[in-house]
Structures are given as C-alpha cells and as structure tokens.
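Heads up: the structure comes next, in structure tokens.
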Amino acid sequence: MKVAKEWRLGSMGDTKILPGSRHRSPLKRPIWIILMVSFVSLFLVCAYIYPPNSDVACYVFSSRGCKVLTDWLPPPKRELTDEEIISRVVVRDILDTPPVESKNPKIAFMFLTPGSLPFEKLWDMFFRGNEGRFSVYIHASKEKPVHVSPYFLNREIHSSPVTWGAFSMVDAERRLLAYALKDPDNQHFVLLSDSCIPLHNFDYVYNYLMHANMSFIDYFVDPGPHGNGRYSTRMLPEVEEKDFRKGAQWFTMRRQHALLVMADSLYYSRFRDYCRPFADGKNCIADEHYLPTFFNLVDPGGIANWSVTRVDWSERKWHPKSYRAQDVTEIAFSLNLWNGHMKLEVIFNGNFGQYSFSC
C-alpha cells in the first residue's frame, strides 16, 4: 500500500505531508445552451428554405416582418432559364473570340438624325485629309437629307420613323450598327446626332478611341423616379431591379461589343415589351436603360462607365441645354476654323475634359 511521502525542509521540525493527486470530476457540459443554439439554427434554416407566407407569422418574431431574416442571409440561387443559358453561351463565345485584325482599321461615325445635318460643314473639316480611316452612316428618320459635303453623299441607310422616347430609338441604333458591321474594317462605332460636333481634331479622336480597347458606355444606378422608378417587375427573372441601370444614349463601342448588341434577343425583347413610355404606369425611356443594363449584365468590366460625348443636363429639363449664339464668340470661332483643330472649349468657355464630342 502506497503512502504519501514526507518532505523535510532543512532543520525545521515540522513535517508537511503533500497529498497525492486528486481525481477531478468531468466538467458539466452546458447542455441547454447547445440545445438552444441547435434549435435556433434549425429554425433559421427552415425559415430560409420555407419562408412564411403569412404576415402574422413574420411579426411574431419581429415588428420588421420577414425582411429581418433576408437582410443578412445570402439570396437563393435561381435556376437560369433556357434563354439565359443560350445568351450566356453566345456572349462568352463572342468575348473569347480574338477580334479580327484589320490592315486598315476605321471608325464608323453613325448619325441618328431626322433629316439634314446642320453641322455638316464642320464635320467635313473634321474628316478632311483622313480618307480611309473612317466610315459615315446616316439614319434619317423623317426626310432625305440634303448634303454639302462629299463625305456624306449616298451614305444614308434604310431608315424607319423614330419617335423620341419610344423603343424605335433603340431599333435605329441597332440598325446603324448592323449596316456599319458589314464593313470588316470598322473597328469602333460612334453614335451621334444632328446636334453633335467634334471637340478635337481627327487624329486625337482616332487615337483615343482605337487605343482605349474598351467601349465608352455610361451606366449608373439612379434610385429616383426617372431611374429605378422606371423598372418593371415584368422583366423578371432575367432583369432584376438591382441590375437595372441608366446612362446617356450616346456611346462609342468596339466591334466585339457591337456584335454582342446584334446577337442579343433576350434582353432586347424584355426592354421592347416592358420599357416603353407609360407602360404599366411608368414612363420608361429604353434608349437610356437598355444598353447600360445590358452591358452591366454581360460585360461590366469591358466598358469605361463614362461617355466621351458631353451633354449638359444642368437645366433639368426633358432635353439637354442648347448652345445659342450668345455662347459663341466670333474671334474664337474664326481661330478654330483657321487652325483646323476643334478645340471648342475655347468657344463655349467650358471644361470638357476627356470628351471627344458635344451634343
């Protein structure tokens, strides 16, 4: 039989006996906490998979209702429709295919106009001396234009009537792209109106667009009534409100993106059917939403997220500000016509920054 050993400290007479190790009982596990955590976890999982349909069931747990659970839970992944799968395959293949290199790359200038171009002489000066580096296409929706520049002669395409704010604006843009894509040398595409003018000379614009390797398409989130307030839930499931974007109508895009626009039927049909003036009580303007939303969905990293066309909306009207005679000085205008450079920031006394055109 083992006994505890004695330890003597020096010459001290007292003897202390240290007891052996004592057996410790195992810790009592907090069973009730584990059960409670398990119950809450099971409840949240069930609520996520089978959300309550009754408002009463939601408000039993919180006065904020069912949203209190969905605020922090990840959104459930939905199954893509057949149309979405087809669209994504086409988009992937177009973006992954190396662009066809041209020995003579050109910029396609596409004019969306009701008739004649009032600034045609100015554009004539802009194009002069750069033959073979550009193409011109004119969509005249109301009357046949009368031309004063040889660069615009016989450049009209088949046109259809266009109504401001209607989806026919998008159709006209796609029609211009289709005709311009027929020329394999066209590598960049610029949409312009009869009110647009160049802000720099041709070399500046050509080098800026050709070397950018991106499309200049404006898109942003507008939570107001003229932005997300135009969204229709009838675009679901393909177009969700969180993906809905707004942007300027005027764009420049590289050839691959122009092909994407031509290949799209899914998102085009959703905006054609549900983004129209006064559709579902909303005044949706498709040319301000279709392309911004489309590229936000299919290739947000391939666009610059700004436009190189300056439009002044400071007056907060349905149409942008128009530059009048009082905004132009005769000396500045004569100087720019003399040197051939379209540095119109001198004319309008404005800061145009990276803009190439003004409308």
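Predicted model, so just to flag it, every value in this text is computed and none were measured.
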Please walk me through it: do Val239 and Thr293 pass side-chain contact (heavy atoms from CB on, under 4.5 Å)?
-> CA-CA 8 Å; Val239 181; Thr293 302; 4.1 Å; yes

Is it the case that Ser87 and Glu84 place a side-chain donor and acceptor less than 3.5 Å from each other?
-> no

Rounded to the nearest 0.5 Å, the CG atom of Leu117 sits from the OG atom of Ser149 at a distance of 9.5 Å

Compute the centroid of each ring, for Trp306 and then for Phe216, and state whether the two points are separated by less than 6.0 Å.
-> yes

Phe271 vs Phe244 aromatic rings, parallel, tilted or perpendicular, using cut-offs 30° and 60°?
-> parallel

Side-chain donor-acceptor pair present, Arg255, His188, cut-off under 3.5 Å | no

Rounded to the nearest 0.5 angstrom, the CD-CE distance for Gln187 and Met253 is 14.5 Å

Is it true that a side-chain atom of Asn207 and a backbone atom of Asp203 form a donor plus acceptor pair closer than 3.5 Å?
-> yes

Mind checking whether Tyr208 and Tyr204 have parallel, tilted or perpendicular rings, split at 30° and 60°?
-> parallel

Answer yes if the ring centres of Tyr151 and Phe126 are under 6.0 angstrom apart, and no otherwise.
-> no

So CD of Gln249 and CZ of Phe251: to nearest 0.5 Å the spacing works out to 8.5 Å

Keeping the roles fixed (side chain from Lys246, backbone from His226), state whether a donor-acceptor pair exists under 3.5 Å.
-> yes

Sidechain-backbone polar pair: Gln256 side chain, Thr97 backbone, donor-acceptor under 3.5 Å | yes

Do Tyr206 and Asn201 have a side chain donor and acceptor closer than 3.5 Å?
-> no

Between Phe202 and Phe127, how do the two ring planes meet: parallel, tilted or perpendicular, split at 30° and 60°?
-> perpendicular

Derivation of the salt bridge (charged side-chain N to carboxylate O under 4.0 Å, His left out) call for Glu238 and Arg78 | CA-CA 11 Å; Glu238 293 84 3; Arg78 64 176 178 86; over 6 Å; no

Does atom CG of Asp82 have more than 12 heavy-atom neighbours, drawn from other residues, nucleotides or ligands, at distances under 6.0 Å?
-> no

Answer yes or no: is there a donor N or O on one side and an acceptor on the other, between the side chain of Asp183 and the main chain of Leu181, under 3.5 Å?
-> no

What distance do Phe294 atom CZ and Leu266 atom CG have between them, rounded to the nearest 0.5 Å?
-> 9.0 Å

Ignoring hydrogens and geometry, is there a side-chain-to-backbone donor-acceptor pair from Arg245 to His289 under 3.5 Å?
-> no

Determine yes or no for a side-chain-to-main-chain donor-acceptor pair under 3.5 angstrom, with Ser116 supplying the side chain and Val146 the backbone.
-> yes

Between Asp243 (side chain) and Leu297 (backbone), is there a donor-acceptor pair under 3.5 Å?
-> no

Report yes or no: does Asn305 contribute a side-chain atom to a donor-acceptor pair with the main-chain N or O of Tyr219 at less than 3.5 Å?
-> yes

So Phe111 and Leu191, side-chain contact (heavy atoms from CB on, under 4.5 Å) or not? Walk me through it.
-> CA-CA 6 Å; Phe111 291 87; Leu191 180 67; over 6 Å; no

Say whether Tyr179 and Asn186, considering side chains only, have a donor N or O and an acceptor N or O under 3.5 Å apart.
-> no

Has the side chain of Arg230 got a donor or acceptor atom that lies under 3.5 Å from a matching backbone atom of Asn283?
-> yes

Test side-chain hydrogen bond (donor to acceptor under 3.5 Å, both in side chains), reference His139, set Arg175, His158, Glu156, output is Arg175

Under 30°, 30 to 60°, or over 60°: which ring-plane class applies to Phe152 and His147, parallel, tilted or perpendicular?
-> parallel

Lys NZ or Arg CZ of Arg174 over Tyr268 ring: under 6.0 Å, within 45° | yes

Return yes if some donor-acceptor pair links the side-chain N/O of Ser195 with the main-chain N/O of Ser193 below 3.5 Å, else return no.
-> no

